[in-house]
Amino acid sequence: MRTVLLGAPGSGKGTQGVVLSQKYTIPQISTGDLLRAAVSAGSDLGKKAKSAMDAGALVSDDIVIGLIRERLSASDAQNGYILDGFPRNIPQAEALDDMLSKLGQPLQGVILLDVAFEELLQRLTGRRTCKDCGAIYNIHLSPSKVEGHCDACNGELFQRADDNEETISNRLKVYEDQTAPLVGYYQNQNKLYKVSGSGNVDDITNEVAAIFDRI
Ligand code: AMP
């Protein structure tokens with residue numbers, strides 16, 4: 001199952017990606033997670049990526065395409081994957097198509113998680129992530145039982161550096177300008193499936209899973 005979760009920041013790609021990855025035993029591959037790991041490790045790549053990430057801008061295509069090329073060649077990705085946060089512009093989508101067509105393994109479906117702008121803002125400003133297990137909460141919409149701690153593993157919850165108001169508005173603008181054109185790009189390939197990303201998490205998972213089962 002070679003798939004992409006497409007959607008604005010805060011549309012639930014990460015949340016759905018984790019659940020669907022477990023359900024289908026295929027990896028969720030998030031360029032945002034790979035980049036944050038590189039920044040934390042202090043690698044050269046991380047140093048190059050950090051300023052763009054802090055500003056809510058896109059990291060250069062060369063860097064993210066290189067990361068994806070390497071990650072897709074790993075053994076756990078040979079039966080499929082869920083891409084989350086990649087591609088984010090037309091050149092990245094073209095590079096991905098090119099890479100996959102050389103392998104004879106084109107994408108099978110792209111799921112657009114559709115969420116209204118106001119809700120995205122609320123989700124992004126309230127988002128908190130567990131530093132130990134990665135579980136995602138929201139102080140406005142789905143708070144943890146004990147403030148600041150994860151329900152599942154009691155790990156500490158933190159706010160992502162780029163979830164502050166200024167960076168959020170830039171990330172949403174970057175999405176509109178550079179990523180939203182991918183909707184038309186994949187529609188032209190007859191690979192786009194639109195799902196409402198508002199409402200109950202399990203209902204959204206079921207809707208995406210129903211699409212995964214028929215592509
Ligand atoms: P995310 O976790 O997907 O919201 O990504 C966090 C940040 O990482 C983004 O705001 C970008 O700065 C960077 N990033 C993640 N994926 C990409 C990508 N495919 N292309 C360029 N930059 C990316």
Side-chain angles (χ1 to χ4, degrees), residues 2-18 20-21 27-41 43-72 77 81-100 107 110-113 115 117 119-131 134-138 157-183 185-186 197:
R2 297 177 298 275
T3 56
V4 171
L5 290 180
L6 185 63
S11 59
K13 301 186 299 295
T15 302
Q16 291 300 331
V18 169
L20 289 158
S21 145
Q28 169 210 19
I29 300 179
S30 151
T31 38
D33 288 346
L34 293 172
L35 290 165
R36 278 184 289 278
V39 171
S40 303
S43 67
D44 284 350
L45 190 151
K47 283 177 193 143
K48 280 186 201 149
K50 189 174 184 311
S51 56
M53 292 175 77
D54 287 346
L58 292 188
V59 172
S60 81
D61 291 344
D62 286 355
I63 290 183
V64 288
I65 291 166
L67 276 175
I68 282 290
R69 191 185 299 281
E70 190 182 325
R71 185 64 187 85
L72 291 184
Y81 41 78
I82 301 164
L83 294 181
D84 156 7
F86 182 93
R88 246 179 165 96
N89 59 23
I90 299 276
Q92 292 180 16
E94 288 172 347
L96 179 65
D97 277 349
D98 192 42
M99 212 184 290
L100 298 180
L107 282 178
V110 175
I111 316 293
L112 172 67
L113 294 175
V115 176
F117 184 79
E119 192 174 341
L120 291 172
L121 272 184
Q122 212 182 15
R123 287 185 181 191
L124 290 165
T125 52
R127 175 157 65 181
R128 299 291 183 274
T129 309
C130 173
K131 75 171 174 34
I136 298 169
Y137 298 87
N138 188 293
L157 303 185
F158 71 97
Q159 182 171 28
R160 275 175 42 171
D162 59 356
D163 276 348
N164 63 75
E165 271 186 40
E166 194 185 332
T167 310
I168 287 170
S169 71
N170 201 23
R171 285 160 64 208
L172 291 171
K173 185 171 178 340
V174 167
Y175 176 79
E176 276 315 314
D177 293 348
Q178 302 195 47
T179 311
L182 293 179
V183 172
Y185 179 88
Y186 288 119

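Counting starts at 1 for both ligands and their atoms, following the listed order.
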Option of least heavy-atom distance to atom 12 (O) of ligand 1 (set: A57, A49, A52, G56): A57

Which of the ligand 1 atoms, numbered from 1, are nearer than 4.0 Å to a heavy atom of D162: 6 (C)

From D84, V4, L72, I82, residue fulfilling side-chain contact (heavy atoms from CB on, under 4.5 Å) relative to I29: L72

Polar proximity ligand 1 side, G85 side, N/O cut 3.5 Å exclusive: yes

Nearest-neighbour protein heavy atom for atom 22 (N) of ligand 1, which is reported as residue plus atom name and distance: V59 N, 3.0 Å

Salt bridge present between R123 and D163 (N-O < 4.0 angstrom): no

Pick from M53, R88, Q92, R171: the one approaching atom 1 (P) of ligand 1 most closely through a non-hydrogen atom: R88

Test of proximity, D84 against ligand 1: N or O pairs below 3.5 Å: no

N164 and T167 side chains, donor-acceptor separation under 3.5 Å: yes

Residue pair L107 / T3, side-chain heavy-atom distance below 4.5 Å: no

Polar contact flag, side-chain donor to acceptor under 3.5 angstrom, Y185-N89: no

Distance from atom 16 (N) of ligand 1 to nearest protein heavy atom, with residue and atom: T31 OG1, 2.8 Å

Spatial distance of atom CG (N138) from atom OG1 (T129) [nearest 0.5 Å]: 10.0 Å

Closest protein heavy atom (residue, atom, distance) for atom 14 (N) of ligand 1: L35 CD1, 3.4 Å

Electrostatic pair K173:D177 at N-O distance under 4.0 angstrom: yes

Contact with ligand 1 for R160, non-hydrogen, under 4.0 angstrom: yes

